[in-house]
Amino acid sequence: MVQVMLWGSLTSFTEGRTALEIEAANIKELLERLEEHYPGLKPTLEKGVSVSIDGMIYNDAWFQPINPDSEVYLLPRLEGG
Amino acid sequence: MGTHEPAFDVVGTRPLRPDGVEKVTGSAKFGADLTAPGMLVGKILRSSHAHARIRSIDTSKAEALPGVKAVITCKNFDKAKISPAKQNILCNIMAQEKALYDGHAVAAVAAISNQIARKALRLIEVDYEVLAHVTDVEEAMRPSAPVIQDDMFTVGVTPQPTQASNIAKRSEFGHGDVEKGFSQADVIIERQFKTAATHQGYIEPHACLANVTQDGQGELWCCTQGHFMVREVCAELIGMDISKLRVTASEIGGGFGGKTTVFIEPVALVLSREAGRPVKIVMSRDEVFRASGPTSSTSMRVKIGAKNDGIFTACEAELKYQGGAFADSPVQLGAMSAFACYNLENVKTVGYDVATNRPKNVAYRAPGAPMAAYAVESVVAEIADRLGIDQLELRLKNAAREGTKSSYGPVFKRMGLVETLQAAKVHDHYSAPLGPNQGRGVASGFWFNFGGQTCVSLNINVDGTIAIAVGTPDIGGSRASMCLMAAEELGIAYDNVRTIIADTSSLGYNDVTDGSRATFASGLAIINAARDAKAKLCARAAKTWDIPAEAVIWENGCAKPAGANAGNFAPLSLAEIAANAEKTGGPIAGHFEVNAGGAGVSFATHIVDAEVDRETGFVKILRYTVAQDAGKAVHPSYVEGQFQGGAVQGIGWAINEEYIYGEDGKLQNPGFLDYRIPVASDLPMIDTVIVEVPNPGHPYGVRGVGETSIVPPLAAISNAVSAAAGVRLTELPMSPPRVLKALEDSPDR
């Protein structure tokens, strides 16, 4: 199980919880399980998110491994100018 | 200054820029420079109403005008076939049921001359039902405001509203307990701030040349930060297979985020398809202001609590950004970055993304961060003054470091904020004397940076020179940096390497040049492509010597036997191996494809001296110093240029630039005479200090540098002007009338 932290406004889809325990070994599994367990997150996930694993931020990198003790944050998709 | 001394031979030097001669002689080809036989002129009719229902559009008179070859409206795009993610892009490039802002495209023509195209636009009859409009973010949030998008129901609040409004979403970030933190504070300062919308201000207007042939093949030449993005978006909007559309990026006369989407390109393609001839569209400056860019105007509240020793106990911000007619503001990035410079136990930011009758918001260099930093760093400056603590010392006391839990969540890896603060502190600028009516301000800033999809090729020519193809348009010197990194890796001279921006049919997909990613991600890919090529070069040498490939190493630009047992062969240079490529197995090339992660965060600290004319309110910037962490400066002159460019844009944003709307919802100043960007005579020489704290996510330690430099200036300049004026200014731009009013309202007057 990994613990994934959400940003505040997503808690309306996760029964008020900002920290979720998810069985996932990579980003693909993480996003699939999040959508499965919390269908309200689907529009946000479909629109695109970034995932921070141990301080490194990834966009759409499905197979990036996640260790059970990794620090994982779901973030709004990063954009730049 | 650096925190380490890595051994580089070529990286870190300052060779001549590869595009220099073309740029200074005027031969570089920008978006409007290409012509084609039989080319038509494309022009776009734009709404003069801020908000209006389009009852009908009659194009018959325009179509009948001799010389007109095509007239199009939204009916020429198949809205039903466009994915939800691109519906807003379609609606922005050609209005559907409603015109949503002054300047919104409603129809377009292609004709044999400029004059005929303009005349044709005047012959198009649009029947509008004018609707109430709103352009101010606070007014747009009121329940009584006219609703711009009927299907906009605020996301991020519980329960989700069932009534449409202009508030697209509410976002919240942070950790700890801010109320508890404020209860522990000895001093609390809370202020409201406002910033005006500004345009990216690129000198080159949007321009493109499109040609769709009768067999359905398309070619597009355009100025853009991402031609692969242009290809994919245009292909979907006009219903074409991606493989049938080839897009070439021209040289680019500035983008700053504003060229990360499409405006005229799909319109030109459809006009060309309808007319059966090439069509060129070049935006006027008026169109650039009214219908492209800009960034958000904002309304913000920031509250910071601190102990008497300066340690922050709680930080809170409420950010309201308007994002134009589709609520595309970067408020989430503003909310995430607002307090990223600080190590905080209790922090909370709330952001509101709001729709108004203004142009669709487009990214502008570190989108969302400069405004948030302006509000936060203004209050930090007040805290320092209130507590009698040196400005930089207060920031150092609270600075985020490696291991700090960031205000947006993740724990920071190695990063260089403290080093920039220390560099500023020892810079002679910080202790230089000031004269009457002069003030000094400092501010720090943060940007995320990111990597993204990248694909490159590195081809070894038969004479031993290198031809590199990348897919990230060069908006700030990345071609020179690619050459330097390839030369470094291969052990050859910079002059032997040439980099081009390949068209979309020549490489795999590349993300847009944004997020300060080109030197980081394309550079990372080039280094790996060079390593791929080196392995192949070693294999060719091994074949030549008839020894195992593992027995050959690459050193100083040559293949060498790796020890006595490998045999006694004279080294083979890259040129020697290349010359025999045909005989040893054919062409030699290195390739690399990646969705790059690992972009290191970036921080900067700026120092500004400003002088206020107390009679006119005029602000003069006297001196400016930028200290920023570059990770590793591949080409230091370009890095300094990015630092200076960010500071200059920030000076414009802080004291001059402003979208001004009339009561009628029309933009009042769509031109550089009335929307004043800084020119050279407005500016001091901007000093730079390159800090180098290597990014662990890049082989050479590179961090993106393009965006962070726009984050601190608004606050640093406001802090300087406030110090000079003796009164806290809380609204940008600090134009003479606003400064005069602040002086008049000052209790010390």
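Computed from a predicted model, the values in this text were never measured in an experiment. Side chains included, hydrogens not; waters and symmetry mates left out as well; all remaining heavy atoms used. Sequence lines set the chain letters: A, B, ... in the order given, protein chains first and strands last, and positions in each chain run from 1.
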* Are the side chains of B:Asn361 and B:Pro330 in touch, meaning some heavy atoms are under 4.5 Å apart? -> yes

* B:Phe446 vs B:Met415 side-chain heavy atoms within contact, under 4.5 Å -> no

Which answer fits [X], side chain, backbone, both or neither, if we ask what part of it has an atom under 4.5 Å from a heavy atom of chain A?
X	answer
B:Gln225	side chain
B:Phe412	neither
B:Ala366	backbone
B:Lys259	neither

Please identify, among [options], the residue contributing the most non-hydrogen atom pairs under 4.5 Å to chain A.
options	result
B:Gly368, B:Gly706, B:Gly597, B:Gly598	B:Gly598
B:Arg517, B:Gln160, B:Met336, B:Arg170	B:Met336
B:Arg365, B:Lys413, B:Gln453	B:Lys413

* To do: Sort out for me which residue in B:Val362, B:Thr224, B:Asp511, B:Thr513 forms a side-chain contact (heavy atoms from CB on, under 4.5 Å) with B:Thr260.
  => B:Val362

* To do: Using the side-chain contact (heavy atoms from CB on, under 4.5 Å) rule, take B:Arg703 and B:Val693 through it: C-alpha gap first, then chi angles, then the decisive distance, then the call.
  => CA-CA 9 Å; B:Arg703 298 175 193 272; B:Val693 178; 4.0 Å; yes

* side-chain contact (heavy atoms from CB on, under 4.5 Å) between B:Phe448 and A:Ser52, worked out -> CA-CA 11 Å; B:Phe448 305 90; A:Ser52 172; over 6 Å; no

* To do: Applying side-chain contact (heavy atoms from CB on, under 4.5 Å), run through B:Arg401 and B:Asn343 and close with a yes or a no.
  => CA-CA 7 Å; B:Arg401 292 168 163 79; B:Asn343 178 17; over 6 Å; no

